[in-house]
Asks: 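Mind having a look at this structure? Questions to follow.
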Amino acid sequence: MPSDGRAAVLFDPSVLSDSVPLPLYLQLARHLRNLIVDGRLDEKDALPGERELAEAFGISRVTVRKALRELTAEGLLRQRQGAGTFINRSPHLEQRLSALTSFTEDMSSRGLTPGSVWLSRTLAVATPDESMALGLRPGAEVVRLHRLRSANGTPLAIELSSVPTRFLPVPSLVETSLYDTLRSLGHSPFRALQRLSAVRLAGEQANLLAVPEGAPALYIERRTFLKDGTPLEFVRSQYRGDAYDFVVELSLM
Ligand code: GLP
């Protein structure tokens with residue numbers, strides 16, 4: 001539990017409002033999530049109990065419980081029987097494998113601020129791998145976008161996306177979201193096919209992702225298609241193994 005003065009600032013009831021079109025428990029979850037991911041609540045801090053939080057925010061214990069359950073499911077909190085609720089500082093996110101979302105949308109929907117650092121942004125003749133994946137003739141050009149993606153400043157993934165110049169004529173058109181840019185050009189991503197495998201991160205990649213060399217990661221190759229089945233994007237990415245769970249929903253065929 002933070003000291004009294006800090007607690008008053010961190011658990012300020014004015015962050016919740018009845019006039020916001022978001023249920024109170026989600027507003028509370030968003031507030032606590034920001035405190036955790038920004039590092040304002042420390043890993044050594046146990047979270048105050050349900051009753052104290054309910055009193056501090058002027059809401060019911062049921063609402064507090066629902067918010068804590070939400071953050072536990074996201075991996076930001078961990079409940080220890082009898083000892084209380086503790087904070088997992090590094091974001092641990094779940095991504096549904098069946099939802100076709102962009103990185104920007106995915107992070108924003110969790111209340112996290114997406115970030116990108118450009119590693120390179122070039123126009124080049126497609127490699128044989130790119131030509132095969134994108135169905136291009138020899139000599140065709142692609143835009144290659146190499147980015148380090150982060151959430152609230154924590155690096156999560158390295159992505160190398162290749163897009164035929166037919167859909168994205170120049171790299172500089174992409175400032176923040178590739179998918180927003182493609183949609184604004186009339187080329188909406190519609191379907192994607194991904195292959196996942198476990199890898200160990202080599203030195204430079206580990207450095208970028210701020211993990212030790214050899215740390216586990218998920219290597220993901222993705223081909224994204226337009227509605228008519230034309231390949232739009234070929235992506236190779238490394239996701240930090242300690243920060244991401246990919247969740248798949250199965251149903252009877
Ligand atoms: C996800 C996908 C990538 C895609 C990216 C676009 O991370 N796995 O294939 O390139 O989203 O994200 P944004 O629109 O934020 O650039």
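Note that ligands are numbered from 1 as they come in the structure, with each ligand's atoms numbered from 1 the same way.
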Asks: Does the distance from a Lys or Arg side-chain N to an Asp or Glu carboxylate O, for Glu221 and Arg236, drop under 4.0 Å?
Replies: no
Asks: Between Thr224 and ligand 1, is there a nitrogen or oxygen pair with a distance under 3.5 Å?
Replies: no
Asks: Which one holds for Thr104 and ligand 1: side chain close, backbone close, both close, or neither close, with close meaning a heavy atom under 4.0 Å?
Replies: both
Asks: For ligand 1, note which part of Ser161 has a heavy atom under 4.0 Å away: side chain, backbone, both or neither.
Replies: side chain
Asks: Need the ligand 1 atom indices (1-based, order shown) with element for anything under 4.0 Å from a heavy-atom of Arg149.
Replies: 12 (O), 13 (P), 15 (O), 16 (O)
Asks: Would Trp118 and Leu173 show up in the same hydrophobic cluster when neighbours are defined by side-chain heavy atoms closer than 4.5 Å?
Replies: yes
Asks: Without hydrogens or angle criteria, can the side chains of Ser60 and Thr63 be said to hold a donor-acceptor pair below 3.5 Å?
Replies: yes
Asks: Considering only heavy atoms of Leu178, which atoms of ligand 1 have at least one such atom less than 4.0 Å away?
Replies: 10 (O), 13 (P), 14 (O), 16 (O)
Asks: Taking the six-membered ring of Phe225 as reference, does the NZ or CZ atom of Arg191 fall below 6.0 Å from its centre and within a 45° cone about the axis?
Replies: yes
Asks: Going by the atom numbers of ligand 1, which of them fall below 4.0 Å from some non-hydrogen atom of Glu233?
Replies: 3 (C), 4 (C), 9 (O), 10 (O)
Asks: Taking Arg51 first and then Glu55, would you say they form a salt bridge - that is, a charged N and a carboxylate O separated by under 4.0 Å?
Replies: yes
Asks: Under a 4.0 angstrom heavy-atom cut-off, which atoms of ligand 1 come close to Arg147?
Replies: 16 (O)
Asks: Are a donor atom and an acceptor atom from the side chains of Asp228 and Thr230 found within less than 3.5 Å of each other?
Replies: yes
Asks: Work out whether the distance between some heavy atom of Tyr239 and some atom of ligand 1 is less than 4.0 Å.
Replies: yes
Asks: With a 4.0 Å cut-off on heavy atoms, is Glu105 touching ligand 1?
Replies: no
Asks: Look only at interatomic distance and state if Tyr179 has a nitrogen or oxygen under 3.5 Å from any nitrogen or oxygen of ligand 1.
Replies: yes
Asks: Does the distance from a Lys or Arg side-chain N to an Asp or Glu carboxylate O, for Glu130 and Arg144, drop under 4.0 Å?
Replies: yes
